[in-house]
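The next block holds one structure in the form of structure tokens; read it before the comments.
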Amino acid sequence: MMKQTKWLVNLSACLVLMAVSAVGAKGKLAGPRGAREQGSLDTIPLPSRIYSIGKEVDSIQSPSSLQPFFAGLDSLRAGKDTVLTIVHLGDSHIQAGYYSGKVMRLLQAQFGNAGRGWIAPFKLSRTNEPDDYFISSSVREWVTGRCIQTNKKCPVGIGGIGIQSVSPSINLDVRIVPNNGAGYSFNQAILYRGEKAMPMLPAGPLKDSVQTSWATVPAVAGVLADTFRISYPVDTLQLHSTRRKQGTDKLLPASTFKNIYYGFSLTNGNSGVLYHSVGVNGAMYVNYTDEAYVRQLALLKPSLLIISLGTNETFGRRFRPEEFGGQVRAFVSLVKKQMPETAILLTTPPECYKRTYVNKKRTYVRNANTQLAAKAIVKAAHEEGVACWDLFATTGGKSSCIKWHKEKLMGRDRIHFTKEGYREQGTLLYRALMQSYNQMLKIRKDDE
């Protein structure tokens with residue numbers, strides 16, 4: 001009887017501990033879907049592939065280098081009140097937002113949503129913007145700087161672009177699109193601006209619910225980061241510039257300002273994954289290989305930096321894999337210097353077409369350089385000791401562009417992909433990350 005009583009007491013104690021451990025910070029269930037019944041070492045379920053093109057590459061090369069990222073996933077699964085930050089850097093494949101956006105949503109569905117992350121004023125710079133947010137302004141004339149410009153028209157920020165105006169009165173309105181941006185309400189926005197740009201104050205119906213904290217010292221040389229905290233989650237933030245000298249009623253002359261703005265980081269105060277997507281049309285490795293730029297990127301403090309570049313280089317008339325590999329290594333070395341605690345994941349470009357003329361008639365042929373670029377990236381990753389995921393091989397390898405085009409997953413230019421094509425690639429990247437994470441969990445369990 002005593003043994004039975006003792007057993008019941010121990011069982012009750014275990015149940016209490018289980019109940020306590022299932023409750024994370026702020027009274028929430030551990031993880032976005034609550035505590036798992038079979039313990040923290042359960043593997044992550046993988047979403048199905050919609051299209052079976054080519055042989056899927058199941059694992060990421062050198063996954064052990066992703067330990068900082070995997071440790072962050074462990075913390076989120078354990079219910080800790082933490083934010084795991086990822087930056088996905090790239091070119092037009094990333095600027096569109098469908099590829100990286102799919103990875104973001106899959107990770108956040110599994111590990112928690114900490115916010116929309118980085119958003120840039122692409123439409124104000126007269127280029128395409130992801131379809132889940134708008135940054136608008138009544139100012140029509142903006143000078144745009146882009147990282148791809150040899151002689152930049154204005155300085156660029158974290159997003160690889162910057163916008164500048166001589167207007168004495170500037171407004172910036174941020175709006176999350178109701179359907180496409182569902183789930184990305186925010187209660188904090190950080191505005192990154194030039195050091196001499198006019199600061200912003202909240203405007204519109206919600207202005208009394210916003211607490212403004214202007215930066216007094218640059219976050220890095222030439223960049224100020226102002227914080228706007230809102231009393232409750234919102235989908236819209238309206239800001240208007242002020243020339244009033246802080247703490248006084250004195251208006252400063254408009255000529256004293258150099259109004260350059262870079263973008264916002266949106267968060268919601270919850271634990272989970274914060275996924276910053278940074279892409280610029282036409283970008284190449286050399287365009288980001290700038291110490292001043294990488295210092296700005298380091299402000300986001302990513303646990304994982306995913307680099308998806310290489311397509312644009314393959315269209316160069318004198319593309320040489322050895323030279324390209326050196327460019328990859330140069331950028332990775334710079335990242336290691338400025339972000340020594342950040343795990344790095346290189347991805348290879350998918351195959352695409354290139355346009356040519358035969359008998360004065362336009363036609364398309366597979367871009368054979370993408371295969372050479374993929375091999376160069378895999379080699380550079382091995383030499384630098386960083387992780388690599390071979391999207392080229394995963395999407396089918398040589399001649400795969402023919403299959404992707406046949407399935408209507410490529411755009412009209414046969415370089416870019418449709419929304420469905422990009423989302424499929426995002427699913428593949430998520431699967432690869434989770435396969436490597438699951439393998440680590442299994443190894444850890446076998447070692448117990």
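Both backbone and side-chain heavy atoms feed into the values below; hydrogens, waters and symmetry mates do not.
- The 12-atom threshold is not exceeded at NZ of K301, counting heavy atoms of other residues, nucleotides or ligands nearer than 6.0 Å.
- In this structure, V332 and L334 have side chains that are not in contact, with every pair of non-hydrogen atoms separated by 4.5 Å or more.
- Judged as a side-chain hydrogen bond (donor to acceptor under 3.5 Å, both in side chains), and not counting sequence neighbours, the contacts of Y275 are H88.
- Between the side chains of E351 and Q371, no donor-acceptor pair is found at a separation under 3.5 Å.
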Quiz prompt | Derivation and outcome, side chain to side chain donor-acceptor pair (under 3.5 Å), residues T227 and S213 | solution = CA-CA 5 Å; T227 303; S213 298; 5.8 Å; no
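- Residues Y184 and M104 share a closest heavy-atom pair of OH-CE, 3.4 Å.
- There is no side-chain donor-acceptor pair under 3.5 Å between T85 and H276.
- Looking only at side-chain heavy atoms (C-beta outward), I119 and V174 come within less than 4.5 Å of each other.
- A donor and an acceptor atom, one from each side chain of S125 and T144, are nowhere located under 3.5 Å apart.
- For residues 118-137, the pairs satisfying ring pair (Phe, Tyr, Trp, His ring centres under 6.0 Å) are W118-Y192, with sequence neighbours left out.
- In the model, T394 has no side-chain atom that pairs as donor or acceptor with a side-chain atom of Q425 under 3.5 Å.
- Within a 6.0 Å radius of NZ in K336, other residues, nucleotides and ligands contribute more than 12 heavy atoms.
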Exercise. Evaluate the side chain to side chain donor-acceptor pair (under 3.5 Å) criterion for residues N281 and N128: first the C-alpha distance (whole Å), next the side-chain angles of each, then the deciding distance (0.1 Å), finally the verdict.
Key: CA-CA 9 Å; N281 294 345; N128 59 298; 2.9 Å; yes
